[in-house]
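Notes follow once the structure below has been shown.
If you read the sequence from its start, that first residue is 1, and numbering goes on from there. Both backbone and side-chain heavy atoms feed into the values below; hydrogens, waters and symmetry mates do not. For ligands, and for the atoms within them, numbers begin at 1 and follow the listed sequence.
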Amino acid sequence: MTLLPTLTETISRARTDLRVGLPVVIDGHLAAAVETLAPARLAALRGFGKPVLALTDRRAETLKARAYDGDLARVEVPGDADLTWLRAVADPSDDLRVPMKGPLFTRREGDASAHRAALALAKSAELLPAVLMVPVTAPPPGLTILPAGPVLAQLAAETALAPVAAARLPIAAAEHTRLHILRAEDGGSEHYAVEIGDPSRDAPVLARLHSACFTGDVLGSLKCDCGPQLHAALAAMGTAGAGVLLYLNQEGRGIGLANKMRAYDLQSQGFDTVQANHRLGFEDDERDFRLGAAMLRRLGFSSVRLMTNNPRKVAMMEGHGIRVVERVPLQVGRNRWNDAYLTVKRDKSGHLL
Ligand SMILES: Nc1nc2c(ncn2[C@@H]2O[C@H](COP(=O)(O)OP(=O)(O)OP(=O)(O)O)[C@@H](O)[C@H]2O)c(=O)[nH]1
Ligand SMILES: [Zn+2]
């Protein structure tokens with residue numbers, strides 16, 4: 001092994017760069033996340049050439065900008081546009097107060113793969129998917145350099161996970177419990193497996209894939225059903241004497257807590273959970289459930305009785321080496337605050353509620 005960074009390591013660096021407001025170089029373009037861009041950096045970037053703002057098709061649709069590149073749009077940045085303009089285009093929080101940002105003109109000729117890779121990186125850094133792109137022939141030294149095609153392939157590939165530590169952890173639902181920590185080898189989040197009792201590796205295990213919800217799991221938020229689902233699943237496993245709950249750190253269906261709060265703010269303005277994600281530039285669900293299948297395989301399980309109302313989870317398990325012998329419904333925690341949310345999940349996201 002050489003001391004030079006691999007592609008995976010370089011991507012991990014690039015995520016951090018974007019989060020602190022530093023541009024990266026992708027296939028001859030300087031790429032900087034609008035969310036973290038400082039005024040001085042914007043001025044410096046302008047010195048290299050004419051910037052274009054890369055947005056996802058979802059955000060472009062809200063802004064009535066044509067997305068000629070299919071899944072994304074390259075928006076022309078007017079010569080006098082400042083950071084306030086860029087932020088207003090990137091962030092939907094003021095869409096209703098200041099509805100017209102445009103008209104916005106978008107590019108149709110040229111290659112958009114660098115822009116596509118930049119947006120994928122911004123999403124994986126849990127930033128708003130809006131990236132300022134400036135062509136560059138001689139990038140300044142010290143910036144992280146990435147190739148667009150391989151970055152896109154790597155970000156779409158399955159993440160390798162390695163167990164790092166495990167210990168006995170008596171919990172209210174079951175005193176005989178072990179908590180396993182698994183670490184993503186791409187520098188992403190760690191994920192947890194709560195193993196209750198001594199489940200046999202040769203029979204289907206009662207299992208739950210739980211996506212992190214700080215607001216529901218920790219604060220007891222009434223806006224969703226996560227907290228009650230978490231506790232009901234653990235209680236069912238405790239009663240059955242065995243089970244495994246995977247706690248996946250994919251907060252906010254994979255958009256991160258900051259973006260989830262942006263989505264909640266849009267929901268306070270009257271948009272539903274799906275519309276809010278779209279206005280921010282995200283898909284309804286950005287989670288990667290392959291992680292759950294990989295964790296189960298890593299722990300030695302090959303078949304499950306899966307506690308979920310979400311048919312996508314069942315399909316993803318089946319598609320990635322875990323047999324789902326039974327779907328066990330998990331319908332708890334409906335209240336007057338989350339009633340409309342649960343109805344949208346049934347009607348728009350296909351949940352079996
Ligand atoms: N973006 C976004 N995420 C949300 C919202 N409400 C809850 N979440 C997140 O949604 C995830 C939980 O997913 P759910 O859709 O409730 O459930 P599921 O895991 O798909 O399906 P079940 O297995 O049936 O519970 C957690 O990561 C929560 O943080 C919301 O309004 N917007
Ligand atoms: Zn929740």
Side-chain angles (χ1 to χ4, degrees), residues 56 58-59 92-93 123 126-129 189 191-192 206-234 236-237 243-293 295-296 304-317 322 324 326-335 337-353:
T56 66
R58 294 292 190 190
R59 182 70 190 131
S93 54
K123 278 189 183 181
E126 298 186 345
L127 295 168
L128 278 174
S189 309
H191 305 283
Y192 321 134
L206 186 60
R208 164 97 184 131
L209 259 65
H210 187 88
S211 299
C213 179
F214 170 72
T215 47
D217 300 342
V218 179
L219 302 181
S221 158
L222 299 175
K223 264 181 76 70
C224 60
D225 55 346
C226 302
Q229 282 189 320
L230 173 64
H231 295 290
L234 291 172
M237 291 172 193
V244 58
L245 181 136
L246 304 184
Y247 194 93
L248 304 173
N249 276 310
Q250 302 179 317
E251 174 68 58
R253 296 198 296 271
I255 66 175
L257 189 55
N259 285 320
K260 184 170 103 172
M261 286 309 100
R262 293 186 171 115
Y264 274 11
D265 192 42
L266 293 174
Q267 289 171 38
S268 304
Q269 297 179 29
F271 299 104
D272 70 33
T273 181
V274 170
Q275 291 165 337
N277 262 38
H278 290 178
R279 292 186 81 87
L280 285 161
F282 293 103
E283 297 304 316
D284 327 359
D285 195 338
E286 297 270 357
R287 286 176 292 182
D288 180 2
F289 289 126
R290 291 176 303 183
L291 272 174
M295 284 172 77
L296 286 170
V304 292
R305 295 172 52 231
L306 192 63
M307 305 186 78
T308 185
N309 310 315
N310 182 350
R312 273 192 60 227
K313 286 188 185 173
V314 176
M316 286 302 273
M317 288 296 105
I322 301 290
V324 180
E326 183 189 349
R327 182 185 72 83
V328 182
L330 189 57
Q331 297 181 12
V332 284
R334 193 181 272 270
N335 65 55
W337 295 96
N338 66 15
D339 192 63
Y341 165 73
L342 293 176
T343 302
V344 169
K345 287 206 334 185
R346 185 194 64 201
D347 295 346
K348 291 194 176 179
S349 311
H351 283 234
L352 305 163
L353 293 170

Practice prompt. Could you tell me whether F214 approaches ligand 1 through its side chain, its backbone, both or neither, with non-hydrogen atoms closer than 4.0 Å?
Written response: neither
Fill in: Shortest non-hydrogen contact between T273 and Q267, atoms and distance
CA-NE2, 3.5 Å
Worksheet item: Can you name the closest pair of heavy atoms from N338 and G333 and give their distance?
Response: ND2-O, 2.8 Å
Practice prompt. Please verify whether a non-hydrogen atom of Y264 lies at under 4.0 Å from ligand 1.
Written response: yes
Worksheet item: Which part of D285 is near ligand 1, with near meaning a heavy atom under 4.0 Å away: side chain, backbone, both or neither?
Response: neither
Discussion item. For atom 22 (P) of ligand 1, what is the closest protein heavy atom, and at what distance to 0.1 Å?
Written reply: T308 OG1, 3.4 Å
Fill in: Residues K348, D284: salt bridge by 4.0 Å N-O rule
no
Discussion item. Show me which atoms of ligand 1 lie under 4.0 Å from any heavy atom of K345.
Written reply: 14 (P), 15 (O), 16 (O), 17 (O)
Worksheet item: Of the protein's non-hydrogen atoms, which lies at the shortest distance from atom 18 (P) of ligand 1, and what is that distance?
Response: K313 NZ, 3.4 Å
Worksheet, complete the sentence: At under 4.0 Å between heavy atoms, what of H351 touches ligand 1? The answer is side chain
Worksheet item: Nearest to atom 5 (C) of ligand 1, what protein heavy atom do you find, and at what distance?
Response: R253 NH1, 3.7 Å
Response to the item:
Nearest non-hydrogen contact to atom 24 (O) of ligand 1 from the set T215, V314, T273, N309 belongs to N309
Worksheet item: With a 3.5 Å cut-off and no angle check, do the side chains of T56 and K123 form a donor-acceptor pair?
Response: no
Item to complete: Could you tell me whether K260 approaches ligand 1 through its side chain, its backbone, both or neither, with non-hydrogen atoms closer than 4.0 Å?
Response: side chain
Fill in: the Zn ion (ligand 2): protein N, O or S atoms [distance under 2.8 Å]
C213 SG, C224 SG, C226 SG
Worksheet entry | N259 and ligand 1 - part of the residue with a heavy-atom distance under 4.0 Å | neither
Worksheet, complete the sentence: With heavy atoms and a 4.0 Å threshold, my read on which part of A276 contacts ligand 1 is neither
Worksheet item: Does ligand 1 have an atom under 4.0 Å from some heavy atom of D225?
Response: yes
Item to complete: Take Q275 and V344, measure what side-chain contact (heavy atoms from CB on, under 4.5 Å) needs, and give me the verdict at the end.
Response: CA-CA 10 Å; Q275 291 165 337; V344 169; over 6 Å; no
Discussion item. Using a 4.0 Å cut-off to any heavy atom of E251, which atoms of ligand 1 qualify?
Written reply: 27 (O), 29 (O)
Worksheet item: Within less than 4.0 angstrom of ligand 1, does H210 place any heavy atom?
Response: no
Discussion item. Quick test of your reading of the model: are D339 and R334 salt-bridged, counting only N-O distances below 4.0 Å?
Written reply: yes
Worksheet item: Side chain, backbone, both or neither: which part of L330 has a heavy atom under 4.0 Å from ligand 1?
Response: neither
Worksheet item: When only distance counts, is C213 in polar contact with ligand 1, meaning an N/O pair under 3.5 Å?
Response: no
Discussion item. Please classify the R287 to ligand 1 contact at 4.0 Å (heavy-atom distances, strictly less than): side chain, backbone, both or neither.
Written reply: side chain
Response to the item:
heavy-atom search around atom 27 (O) of ligand 1 in the protein gives A212 O, 2.8 Å
Worksheet, complete the sentence: Under 4.0 Å between heavy atoms, the region of Q267 that gets near ligand 1 turns out to be side chain
Item to complete: With heavy atoms under 4.0 Å as the rule, classify the contact between Y341 and ligand 1 as side chain, backbone, both or neither.
Response: side chain
